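Below: one structure, written as structure tokens.
Computed from a prediction, not measured in an experiment: that's the story for all the values here.
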Amino acid sequence: MTLSALSPDTALVVFSGGQDSATCLAWALSRFAHVETLGFDYGQRHSIELSCRESLRDGMARLDPAWGARLGPDHTLSLDALGAVSDTALTREAEITMGENGLPTTFVPGRNLIFLTFAAALAARRNARHIITGVCETDYSGYPDCRDDTIKSLQVTLNLGMASRLVLHTPLMWIDKARTWQMARDLGGDDLVNLINRESHSCYLGTRGVMHPWGHGCGTCPACQLRRAGWERFQSLSSDA
């Protein structure tokens with residue numbers, strides 16, 4: 001793959017099926033001529049999120065004919081080895097607590113580094129210059145592989161190691177969950193907000209079926225707490241506008 005071969009109009013979105021990645025997909029569809037998606041199955045407890053991806057993609061394609069025309073294939077990669085080496089509350093039946101290292105037990109060491117490395121390899125094959133990920137260091141659980149410095153460093157490493165000019169985009173890096181909901185509204189109106197609220201999945205325990213005002217979930221895990229608080233702030237800001 002030569003430097004000039006990567007298409008500046010093609011993007012690959014790391015797409016888990018959660019609120020953040022769904023918003024990033026809409027962001028990418030509003031900017032690039034061709035957008036593909038990539039999900040990872042690594043033995044996560046909340047693997048139900050992977051089944052949400054199709055309805056989110058189909059819903060966005062229906063929301064805007066231009067988005068539908070731009071939306072390309074979906075890819076899923078199995079990373080069983082990541083689950084096998086990770087002794088965490090996301091890959092084991094373990095309690096979600098704060099670990100002795102100061103990080104939540106939901107932290108999967110190296111997860112985003114591995115995700116983005118595989119995404120870069122796929123992007124090279126799919127001729128995509130742009131990779132979009134929903135990592136954020138504003139409303140998050142303190143994961144070090146979500147930090148801006150980490151992503152910038154990884155972009156340099158990937159491009160050096162692959163002799164490429166890939167660009168890693170993090171459109172949510174400096175915004176909280178309330179502003180993430182607002183971004184969705186700005187991109188696709190209330191129809192997109194309702195789609196993401198109804199179809200995406202964030203709950204670490206994989207709880208689905210009970211529909212809260214802020215979406216599906218157990219309501220008590222850190223992911224649900226962040227999503228609920230963000231939704232309530234978003235609703236408050238919307239009513240004040």
Side-chain angles (χ1 to χ4, degrees), residues 7-41 44 46-77 115 119 122-123 126-136 169-172 175 177-203 206-217 223-224 226-228 230-232 234-235 237-238 241:
S7 169
D9 297 322
T10 300
L12 179 66
V13 178
V14 178
F15 185 51
S16 68
Q19 174 197 353
D20 293 343
S21 67
T23 306
C24 286
L25 176 55
W27 183 88
L29 289 169
S30 71
R31 283 164 172 77
F32 299 104
H34 183 77
V35 179
E36 300 186 11
T37 52
L38 171 61
F40 295 99
D41 184 352
Q44 60 268 51
H46 57 307
S47 60
I48 192 171
E49 66 179 357
L50 295 173
S51 66
C52 298
R53 299 163 71 250
E54 183 176 358
S55 58
L56 284 165
R57 282 172 45 93
D58 290 346
M60 288 188 203
R62 290 193 300 268
L63 278 180
D64 188 328
W67 288 5
R70 295 170 184 171
L71 187 59
D74 179 47
H75 311 271
T76 302
L77 294 179
F115 282 3
L122 180 62
R126 301 299 297 175
N127 196 32
R129 185 181 183 197
H130 303 277
I131 298 172
I132 296 90
T133 177
V135 299
C136 158
H169 297 271
T170 56
L172 310 184
I175 65 175
K177 285 289 187 288
R179 291 173 63 194
T180 299
W181 284 116
Q182 185 58 53
M183 178 184 287
R185 175 176 283 171
D186 293 342
L187 290 166
D190 287 335
D191 286 343
L192 180 60
V193 170
N194 293 335
L195 174 69
I196 294 175
N197 191 34
R198 182 179 68 251
E199 300 296 340
S200 69
H201 184 88
S202 302
C203 176
T207 300
R208 199 150 181 94
V210 178
M211 182 67 183
H212 304 278
W214 43 268
H216 294 273
C224 284
L226 280 173
R227 179 161 171 159
R228 177 178 58 201
W231 176 261
E232 290 173 353
F234 168 61
Q235 293 298 308
L237 293 171
S238 298

Practice item. Decide yes or no for Asp41 and Glu49: does some side-chain heavy atom of the first lie under 4.5 Å from some side-chain heavy atom of the second? Key: no
Review point. Which pair of non-hydrogen atoms, one from Cys24 and one from Gly134, has the smallest distance, and what is that distance?
Key: SG-CA, 3.5 Å
Exercise for review: Please check if the side chain of Asp74 supplies one atom and the backbone of Glu54 the other of a donor-acceptor pair under 3.5 Å.
Suggested key: no
Revision key, fill the gap. Rounded to the nearest 0.5 Å, the CG atom of Asn197 sits from the CG atom of Asp190 at a distance of 11.0 Å
Point to revise | Asp9 (side chain) donor-acceptor with Phe32 (main chain) under 3.5 angstrom | key: no
Check your understanding: Going by distance alone, is a donor N or O of one side chain under 3.5 Å from an acceptor N or O of the other, for Arg53 and Ser200?
Key -> no
Exercise for review: Please identify each residue that fulfils side chain to side chain contact (heavy atoms under 4.5 Å, CB included) with Ser30, with sequence neighbours left out.
Suggested key: Trp67, Leu187
Practice item. Kindly indicate whether the side chain of Thr170, heavy atoms from C-beta on, has any atom under 4.5 Å from the side chain of Thr133. Key: yes
Check your understanding: Could you go step by step and tell me if Ile132 and Val14 meet the side chain to side chain contact (heavy atoms under 4.5 Å, CB included) rule?
Key -> CA-CA 6 Å; Ile132 296 90; Val14 178; over 6 Å; no
Check your understanding: If we only count heavy atoms from C-beta on, is the Leu195 to Leu56 side-chain gap below 4.5 Å?
Key -> yes
Check your understanding: Is there a donor-acceptor pair under 3.5 Å between the side chain of Arg185 and the backbone N or O of Trp181?
Key -> no
Review point. Of the non-hydrogen atoms in Ala22 and Ile196, which two are nearest, and what is the gap between them?
Key: CB-CG1, 4.0 Å
Exercise for review: Tell me, please, which residues at least two apart from Trp214 pass ring pair (Phe, Tyr, Trp, His ring centres under 6.0 Å).
Suggested key: His212
Review point. What is the minimum heavy-atom distance between Leu237 and Ala178, and which atoms define it?
Key: CD1-CB, 4.4 Å
Exercise for review: Return yes if some donor-acceptor pair links the side-chain N/O of Arg70 with the main-chain N/O of Leu29 below 3.5 Å, else return no.
Suggested key: yes
Review point. For residues 13-22, which residue pairs qualify under side-chain hydrogen bond (donor to acceptor under 3.5 Å, both in side chains), counting only residues two or more places apart or in two chains?
Key: Ser16-Ser21, Asp20-Lys177
Practice item. Could you pull out all residues at least two apart from Asn194 that satisfy side-chain hydrogen bond (donor to acceptor under 3.5 Å, both in side chains)? Key: none
**Study point:** Phe15 vs Val35 side-chain heavy atoms within contact, under 4.5 Å
**Key:** no
Practice item. Answer whether the closest heavy-atom distance between the side chains of Leu50 and Gln44 falls below 4.5 Å. Key: yes
Review point. Do the non-hydrogen side-chain atoms of Phe40 and Leu77 ever get within less than 4.5 Å of each other?
Key: yes
Check your understanding: Do we see a donor-acceptor contact under 3.5 Å between the side chains of Ser202 and Arg227?
Key -> yes
Revision key, fill the gap. Those residues at least two apart in sequence (or on a different chain) that pass salt bridge (charged side-chain N to carboxylate O under 4.0 Å, His left out) with Arg57 are none
Exercise for review: To the nearest 0.5 Å, tell me how far Arg129 CZ sits from Ser7 OG.
Suggested key: 10.0 Å
Check your understanding: With a 6.0 Å cut-off on ring centres, are His169 and His130 close enough?
Key -> yes
Practice item. First locate atom OG1 of Thr76, then atom CG of Leu38, and finally report the distance between them rounded to the nearest 0.5 Å. Key: 7.5 Å
Exercise for review: Please report the C-alpha distance between Leu172 and Val135 in whole Å, then the side-chain angles of each, then the deciding distance to 0.1 Å, and finally whether the side chain to side chain contact (heavy atoms under 4.5 Å, CB included) criterion is met.
Suggested key: CA-CA 7 Å; Leu172 310 184; Val135 299; over 6 Å; no
Exercise for review: Would you indicate whether the side-chain heavy atoms of Leu71 and Leu25 approach each other to under 4.5 Å?
Suggested key: yes
Check your understanding: Atom CG in Asp191, atom CE in Met60: separation rounded to 0.5 Å?
Key -> 12.0 Å
Practice item. Taking the side chain as every heavy atom from C-beta outward, state whether Cys136 and Ile175 have any atom pair closer than 4.5 Å. Key: no
Study note, to complete from the structure: Residues at least two apart in sequence or cross-chain that pass side-chain hydrogen bond (donor to acceptor under 3.5 Å, both in side chains) with Glu36, listed by chain then number, are His34, His75, Arg126
**Study point:** Nearest-0.5 Å distance, SG of residue Cys203 to NE2 of residue His216
**Key:** 11.0 Å
